[in-house]
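For reference, the structure discussed in these notes is given below.
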Amino acid sequence: MTNATKYALIEGLLPFTLAIIIVALIDIYEYRCEREDKDVIDDLDERLQKLEEVNER
């Protein structure tokens, strides 16, 4: 393969590779947000249960 062919191949793969990286980063970000939301919801559930126990007394 000539150098020109190698560079053309690299130029063609570069945008594709960047797109895959961007999509992967977006997925990771969404996963972290969902996990944090779940932690907040779990914490709120625990607080509500404690308040209900206090109100029952």
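Please read these numbers as outputs of a predicted model, since none were measured by experiment.
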Checklist entry - CG/Leu13 to CG/Leu18 distance, rounded to the nearest 0.5 angstrom? => result 10.5 Å

Checklist entry - Measuring from Ile41:CD1 to Leu48:CG, what's the distance to the nearest 0.5 Å? => result 11.5 Å

Checklist entry - Are any non-hydrogen side-chain atoms of Lys38 and Asp42 less than 4.5 angstrom apart? => result yes

Next on the checklist: Can you tell me how far apart CG (Leu44) and CD (Glu46) are? Round to the nearest 0.5 Å.
Outcome noted: 9.5 Å

Next on the checklist: Using side-chain heavy atoms (C-beta onward) and a distance below 4.5 Å, is Ile21 in contact with Thr17?
Outcome noted: yes

Checklist entry - How many angstroms lie between CD in Glu34 and CZ in Arg32, if you round to the nearest 0.5 Å? => result 13.0 Å

Checklist entry - Between Arg35 and Asp39, does at least one N-O distance fall below 4.0 Å, as a salt bridge requires? => result no

Next on the checklist: If the test is side chain to side chain contact (heavy atoms under 4.5 Å, CB included), which one of Ile20, Leu25, Ile26 qualifies with Ile22?
Outcome noted: Ile26

